[in-house]
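We use all heavy atoms of the structure for the numbers below, so side chains are in, but hydrogens, waters and symmetry mates are not. Quick note on labels: first sequence line is chain A, next is B, and so on, each numbered from 1.
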2 protein chains.
Amino acid sequence: MENPNLKKAGLKATLPRIKILQILEENPLRHMSAEDVYKVLLGTGEDVGLATVYRVLTQFETGGLVSRHHFEGGQSVFEINQGEHHDHILCVGCGKVDEFVDEIIEQRQRAIAKKAGYVMTDHSLYIYGMCGECQKKKM
Amino acid sequence: MENPNLKKAGLKATLPRIKILQILEENPLRHMSAEDVYKVLLGTGEDVGLATVYRVLTQFETGGLVSRHHFEGGQSVFEINQGEHHDHILCVGCGKVDEFVDEIIEQRQRAIAKKAGYVMTDHSLYIYGMCGECQKKKM
DNA sequence: GATGCTAATGATAATCTTTTGCATTCGTGT
DNA sequence: ACACGAATGCAAAAGATTATCATTAGCATC
Ligand SMILES: [Mn+2]
Ligand SMILES: [Mn+2]
Ligand SMILES: [Zn+2]
Ligand SMILES: [Zn+2]
């Protein structure tokens with residue numbers, strides 16, 4: 001009963017899963033690596049292994065509870081699925097992550113996939129740049 | 001004198017660099033991981049270390065000779081820079097890689113970055129799906 | 001509420017990709 | 001041909017993620 005979303009995803013309501021889901025829902029970062037989540041867990045004194053964090057995040061992804069992103073930098077970043085699909089714009093200076101939705105781009109993507117004979121399953125779009133703050137700093 | 005592009009990038013014309021550039025130019029795969037390049041080298045009996053392949057590919061990237069892509073799957077994939085910028089559509093079934101250019105999307109991206117206050121430095125767009133071949137196989 | 005079976009967990013080792021340290025070799029200008 | 005710094009190969013290290021396996025914890029049942 002602790003969290004209806006876990007049941008919905010067909011996952012047993014275990015303590016690690018409840019805690020991790022809670023972190024993803026409440027942490028202002030919104031885009032977190034496994035390590036990020038693990039550190040929060042440690043901070044609150046929870047005894048959850050890093051391996052479990054990885055396992056649970058992958059299960060959440062499979063169950064449609066979170067999305068996995070591959071921002072530059074090697075590690076996977078996770079974000080809880082709430083609200084509609086969106087893409088990301090990232091600052092190469094400070095790491096800030098902004099989100100946007102552009103229906104024209106979405107539409108063009110579908111058209112391109114179709115023209116190439118593909119059935120599109122997914123797509124990922126990242127825009128990299130310098131945010132306003134960082135532009136000032138570099139001058 | 002072996003390859004003008006190396007000089008252009010400010011890199012000494014060493015044997016590993018010459019060979020690797022040649023592979024990137026001539027191999028029909030066009031999108032190759034460091035390991036891919038290394039295997040070709042081994043196949044032709046060259047005595048080049050994998051570490052050197054990684055080093056050289058990174059130098060090529062810095063020198064603008066190649067682009068690095070982060071397709072799903074963990075490892076970096078490299079492609080020689082010739083012709084104009086383009087994005088990629090990848091088959092999740094067989095790994096095929098197709099390329100496309102869409103000026104509308106490029107334009108929208110610039111507009112989005114600008115509106116968010118960013119100076120865009122780069123962007124990456126991957127469309128994932130099932131190619132024509134793979135659609136048939138799965139039925 | 002106790003019981004039992006299975007799935008989940010934590011710790012650790014293993015894997016995979018990429019980077020580094022360092023002694024040796026090579027490329028280039030003289 | 002020489003000299004010197006840059007580049008290389010090898011091996012070890014690092015960083016991220018996954019696999020193994022003995023132990024523990026959900027949850028349906030009694
Ligand atoms: Mn997001
Ligand atoms: Mn390409
Ligand atoms: Zn910034
Ligand atoms: Zn295919």
Side-chain angles (χ1 to χ4, degrees), chain A residues 1-23 31-42 44-63 65-78 95, chain B residues 1-23 31-42 44-63 65-78 95:
Chain A
M1 224 130 292
E2 271 298 8
N3 197 312
N5 293 321
L6 289 177
K7 290 232 172 61
K8 216 185 306 174
L11 295 170
K12 255 192 222 175
T14 66
L15 189 136
R17 296 212 267 236
I18 293 168
K19 286 292 173 190
I20 292 172
L21 190 51
Q22 200 174 104
I23 289 170
H31 304 88
M32 306 179 77
S33 68
E35 194 71 36
D36 288 337
V37 173
Y38 180 61
K39 279 188 197 128
V40 174
L41 254 355
L42 287 186
T44 62
E46 300 296 335
D47 181 31
V48 175
L50 179 56
T52 298
V53 175
Y54 274 104
R55 269 186 301 241
V56 167
L57 287 173
T58 299
Q59 293 159 350
F60 283 4
E61 183 192 16
T62 303
L65 266 55
V66 308
S67 296
R68 179 195 300 260
H69 303 298
H70 301 279
F71 299 159
E72 306 233 339
Q75 77 263 57
S76 290
V77 171
F78 300 85
Chain B
M1 224 134 290
E2 270 296 7
N3 197 313
N5 292 321
L6 287 176
K7 290 234 169 60
K8 215 185 307 174
L11 296 170
K12 256 193 219 177
T14 66
L15 188 134
R17 289 183 186 151
I18 293 169
K19 285 293 174 190
I20 292 173
L21 190 50
Q22 200 174 103
I23 290 170
H31 303 88
M32 306 179 79
S33 68
E35 194 72 36
D36 288 337
V37 172
Y38 180 60
K39 280 189 195 126
V40 174
L41 253 356
L42 287 186
T44 62
E46 299 297 333
D47 181 31
V48 175
L50 178 57
T52 298
V53 174
Y54 274 103
R55 271 187 296 240
V56 167
L57 287 173
T58 299
Q59 293 158 350
F60 283 3
E61 183 192 16
T62 303
L65 266 54
V66 309
S67 296
R68 179 194 300 257
H69 303 299
H70 302 279
F71 298 159
E72 305 231 341
Q75 77 260 61
S76 290
V77 171
F78 300 85

List, with names and distances, any nitrogen or oxygen atoms from the protein found under 3.5 Å away from nitrogen or oxygen atoms belonging to nucleotides 15-17 of chain C.
none

With sequence neighbours excluded, tell me which residues meet ring-ring contact (aromatic ring centres under 6.0 Å, His included) with B:Phe71. B:His69, B:His88, B:Tyr126
I'd like to check A:Val37 versus A:Phe78 (side-chain heavy atoms, cut-off strictly below 4.5 Å). Are they in contact? no
Quiz: residues 9-19 of chain A side-chain donor-acceptor pairs under 3.5 angstrom, not counting sequence neighbours:
{"from": "A:Thr14", "atom 1": "OG1", "to": "A:Arg17", "atom 2": "N", "distance (Å)": "3.4"}
{"from": "A:Arg17", "atom 1": "NE", "to": "A:Lys12", "atom 2": "O", "distance (Å)": "3.0"}
{"from": "A:Arg17", "atom 1": "NH1", "to": "A:Gln59", "atom 2": "OE1", "distance (Å)": "2.9"}
{"from": "A:Arg17", "atom 1": "NH2", "to": "A:Lys12", "atom 2": "O", "distance (Å)": "3.3"}

Does anything in residues 53-63 of chain A form a salt bridge (charged side-chain N to carboxylate O under 4.0 Å, His left out)? List the pairs, not counting sequence neighbours. A:Glu61-A:Arg68
Pairwise distance OG1(A:Thr44) to CD1(A:Ile23) - rounded to 0.5 angstrom: 6.0 Å
Taking for each residue the nucleotide of DNA chain D bearing the nearest heavy atom, is the 5' side occupied by A:Ala34 or by B:Gly10? B:Gly10
Between the CG atom in B:Leu65 and the CG atom in B:Asn5, the distance rounded to the nearest 0.5 Å is 5.5 Å
Mind checking whether A:Val40 and A:Met32 have side chains closer than 4.5 Å, heavy atoms only? yes
Between A:Thr52 (side chain only) and A:Val48 (backbone N and O only), is there a donor and an acceptor less than 3.5 Å apart? no
Holding to side chain to side chain contact (heavy atoms under 4.5 Å, CB included), I want the full list of residues that pass it with B:Gln75, two or more places apart in sequence or in another chain. B:Ser33
Could you list the protein-to-nucleotides 10-14 of chain C atom pairs, N/O on both sides, closer than 3.5 Å?
{"from": "C:dG10", "atom 1": "OP1", "to": "A:Asp47", "atom 2": "O", "distance (Å)": "2.5"}
{"from": "C:dG10", "atom 1": "OP2", "to": "A:Gly49", "atom 2": "N", "distance (Å)": "3.1"}
{"from": "C:dG10", "atom 1": "OP2", "to": "A:Thr52", "atom 2": "OG1", "distance (Å)": "2.5"}
{"from": "C:dG10", "atom 1": "N7", "to": "A:Arg55", "atom 2": "NH2", "distance (Å)": "2.6"}
{"from": "C:dG10", "atom 1": "O6", "to": "A:Arg55", "atom 2": "NH1", "distance (Å)": "3.2"}

Rounded to whole angstrom units, what separation is found between the CG atom of A:Leu6 and the P atom of C:dA8? 11 Å
All side chain to side chain contact (heavy atoms under 4.5 Å, CB included) counterparts of B:Tyr38, not counting sequence neighbours: B:Glu35, B:Leu42, B:Leu50, B:Val53
Measure the angle between the two terminal helix axes of the helix from C:dG1-D:dC30 to C:dT30-D:dA1, five base pairs each, and quote it to 10°. 30°
With heavy atoms of chain A within less than 4.0 Å as the criterion, where does contact along DNA chain D begin and end? D:dA16 to D:dC27
